[in-house]
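A short worksheet on the structure shown next.
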Amino acid sequence: MAKVLIIGAGGVGTVVAHKCAQNPDVFTEIVLASRTRSKCEAIARKIGGGRITTDSVDADSVEQLVELFNRHKPDIVINVALPYQDLTIMDACLECGVNYLDTANYEPRDVAHFEYSWQWAYKEKFEKAGLTAILGCGFDPGVSGVFTAYAAKHYFSDMEYLDIVDCNAGDHGKAFATNFNPEINIREITQNGRYYQDGQWVTTGPLEIHKALTYPNIGPRDSYLLYHEELESLVKNYPSIKRARFWMTFGQEYLTHLRVIQDIGMARIDEIDYNGQKIVPLQFLKAVLPNPQDLGENYTGETSIGCRIEGLDKEKNHLTYYIYNNCSHEAAYRETGMQAVSYTTGVPAMIGAMMFLTGKWVKPGVHNVEEFDPDPFMEQLNVQGLPWNEQFNIDLEV
């Protein structure tokens, strides 16, 4: 008997709930909670079969989270709420003796800053409590780290150059929309870029560095260098890496809208006074943009996310290696009612919880995904809807 509690009923939470319900031999009881219980109830009705119990919680409140955990007594919490709430949920897990998993690292509300230090600081507390905390178990971060661990285990003696490449070649038919929470999405891509080079972090302007990269079944797409949190843990856990970068594709129309949003001040995350009320412009913008949960129905095309790695193989010969997954928006929608960006984040979160509950990823403390054995996770990617492919000794383009 294993009970999972999912916090968050957005697009990713919807996918996690669907995938947990598809694996009743592991997830014998499923609880779905968010600030708005009616959203959880709608998801539960769509899944059907009486598989999902719903509840409500303000994840900013440790007190409410503790009450929720004590009432349901889950074996593990899957946190797919907002990154702002990671620490309150971890605090509640420690108080109640519950294991933890998330898909994105903590960030403060008032600064667009991505860093694992806040969560890594919980390592000793989770160790002493005998609890496992699994960080960043979406796709990127998440599968990108598992792909890297798999490459290190099976092919490389020394990984020297790592490029994580993320392409969304889909079309949702909207003039402008983000594929996950608009507030988090816009904060992420408007900050400075950053990459790791020879033991140091190099800062670039927002979207300053870009080049065309070729994606399988898609072709060439303009790809922009961003900072992404998994780089921080991967260079720590694989010290042979000399350079690590993250690339994401954006279309010109998207970038034009983004530039206008910034130019007119709607990307600001500080409070302003409006008719005697304090509002945050970016939060207001989020309220008027299309809901990422509603994009799936007419979404066409696919995503392609993977790792391009160069280094020395087990015999110390030069090796280039590309491992990736392509995911269809249409197929994701048929299965879960959500588009591929939510699907590629939600499926790995479920698999990570499965790894813990089946005893394959149990390690008291706070750990990033690449610190666990990648093989059972990789097997489940093929089973659960995210099959992967490999290419050896090719031109990595990076």
Side-chain angles (χ1 to χ4, degrees), residues 139-170 189 193-202 204-205 207-228 230-235 237-252 254-255 301-328 340-341 344 370 374 378 381-382 386-398:
F139 206 108
D140 45 348
V143 176
S144 55
V146 177
F147 279 173
T148 305
Y150 186 81
K153 179 177 179 179
H154 293 282
Y155 302 124
F156 286 91
S157 62
D158 296 279
M159 294 185 296
E160 297 176 332
Y161 302 99
L162 167 67
D163 286 273
I164 299 168
V165 293
D166 183 329
C167 173
N168 181 9
I189 63 179
R194 195 156 65 114
Y195 66 95
Y196 183 80
Q197 178 81 50
D198 297 326
Q200 298 183 18
W201 290 101
V202 180
T204 71
L207 308 182
E208 176 187 353
I209 296 176
H210 57 93
K211 65 188 304 182
L213 298 176
T214 306
Y215 296 87
N217 203 41
I218 292 168
R221 289 288 190 277
D222 286 334
S223 305
Y224 293 79
L225 188 146
L226 304 179
Y227 175 67
H228 232 235
E230 67 262 46
L231 299 179
E232 182 183 15
S233 68
L234 288 170
V235 299
N237 289 314
Y238 297 101
S240 66
I241 293 176
K242 298 177 182 178
R243 187 189 67 214
R245 301 179 296 190
F246 182 95
W247 305 83
M248 183 174 283
T249 62
F250 301 102
Q252 287 306 309
Y254 182 95
L255 293 176
E302 60 188 325
T303 62
S304 182
I305 312 173
C307 297
R308 303 184 185 193
I309 305 172
E310 181 178 354
L312 302 178
D313 68 13
K314 299 297 186 182
E315 287 73 44
K316 300 293 185 179
N317 299 310
H318 179 259
L319 174 65
T320 63
Y321 175 68
Y322 183 19
I323 180 168
Y324 63 92
N325 160 267
N326 278 34
C327 182
S328 159
V341 177
T344 54
E370 65 269 17
M378 295 285 284
L381 284 172
N382 284 327
L386 292 176
W388 43 275
N389 300 277
E390 299 171 294
Q391 296 179 7
F392 297 87
N393 292 314
I394 62 166
D395 177 7
L396 297 179
E397 303 181 309
V398 289

Does a side-chain heavy-atom distance below 4.5 Å link Glu370 with Thr148?
no

Look up atom CZ in Arg245 and atom CD1 in Ile209, then write down how far apart they are to the nearest 0.5 Å.
8.0 Å

Here the gap from Tyr196 atom OH to Ile241 atom CD1, rounded to the nearest 0.5 Å, amounts to 8.5 Å

Test item: Ser328 side-chain N/O and Glu302 main-chain N/O as donor-acceptor pair under 3.5 Å
no

Could you tell me whether the side chain of Trp388 and the main chain of Met378 form a donor-acceptor pair under 3.5 Å?
yes

Apply side-chain contact (heavy atoms from CB on, under 4.5 Å) to Tyr324 and Val165, showing your working.
CA-CA 9 Å; Tyr324 63 92; Val165 293; over 6 Å; no

Where do Ala152 and Tyr238 come nearest, in terms of heavy atoms and distance?
CB-CE2, 3.6 Å

Please give me the minimum heavy-atom distance between Thr344 and Val341, naming the atom from each residue.
OG1-O, 3.2 Å

Of the non-hydrogen atoms in Gly311 and Glu160, which two are nearest, and what is the gap between them?
CA-OE1, 3.9 Å

Quick one: sort the His228 and Phe246 rings into parallel, tilted or perpendicular, breaks at 30° and 60°.
parallel

So, Thr320 side chain and Asn393 main chain: donor-acceptor pair closer than 3.5 Å or not?
yes

Roughly how far apart are Phe147 CZ and Leu162 CG, rounded to 0.5 Å?
12.5 Å

What are the two closest non-hydrogen atoms of Ser223 and Tyr215, and how far apart are they?
OG-OH, 2.8 Å

Which heavy atom of Val398 sits nearest to which heavy atom of Lys211, and what is that distance?
CA-NZ, 3.9 Å

Could you grab the distance from atom OG1 of Thr214 to atom CG of Leu396, nearest 0.5 Å is fine?
11.5 Å

Starting from the C-alpha separation in whole Å, work towards a yes-or-no answer on side-chain contact (heavy atoms from CB on, under 4.5 Å) for His154 and Lys314.
CA-CA 8 Å; His154 293 282; Lys314 299 297 186 182; 5.8 Å; no

Quick check: do Val235 and Trp201 have side-chain heavy atoms less than 4.5 Å from each other?
yes

Do Tyr195 and Trp247 have side chains that get closer than 4.5 Å, going by heavy atoms?
no

Side chain Lys242, main chain Asp198, donor-acceptor under 3.5 Å:
no

Tell me, please, which residues at least two apart from Asp158 pass side chain to side chain donor-acceptor pair (under 3.5 Å).
Lys316

Could you walk me through whether Phe139 and Leu386 satisfy the side-chain contact (heavy atoms from CB on, under 4.5 Å) test, starting with their C-alpha distance in whole Å, then the side-chain angles of each, then the deciding distance to 0.1 Å, before giving a yes or no?
CA-CA 10 Å; Phe139 206 108; Leu386 292 176; 4.2 Å; yes

Heavy-atom donor-acceptor pair, Ser144 side chain to Pro141 backbone, under 3.5 Å:
no

Looking at CD of Glu230 and SG of Cys307, how far apart are the two atoms once the value is rounded to the nearest 0.5 Å?
8.0 Å

Can you tell if the side chain of Arg308 reaches within under 4.5 Å of the side chain of Tyr161, non-hydrogen atoms only?
no

For Leu207 and Phe250, work out which heavy atoms get closest and say how close.
CD2-CE1, 4.0 Å

Check whether any side-chain N or O of Asn317 sits under 3.5 Å from a backbone N or O of Asp313 as a donor-acceptor pair, and report yes or no.
no

Does the plane of the ring in Tyr155 sit parallel, tilted or perpendicular to the ring in Tyr321? Use 30° and 60° as the thresholds.
tilted

For a side-chain contact (heavy atoms from CB on, under 4.5 Å) check, start with the C-alpha distance between Asp166 and Leu226, then their side-chain angles and the critical distance, and finish with the verdict.
CA-CA 11 Å; Asp166 183 329; Leu226 304 179; over 6 Å; no

Short side-chain to backbone donor-acceptor contact, Ser304 and Cys167, under 3.5 Å
no

Has the side chain of Glu208 got a donor or acceptor atom that lies under 3.5 Å from a matching backbone atom of Gly193?
no

Thr204 vs Leu225 side-chain heavy atoms within contact, under 4.5 Å
yes

Are Asp163 and Leu213 close enough that some pair of their side-chain heavy atoms sits under 4.5 Å apart?
no

Mind checking whether Asn325 and Pro387 have side chains closer than 4.5 Å, heavy atoms only?
yes

Any non-hydrogen side-chain atom of Ile218 less than 4.5 Å from a side-chain atom of Asn326?
yes

Arg221 side chain vs Thr249 backbone, donor-acceptor pair below 3.5 Å:
no

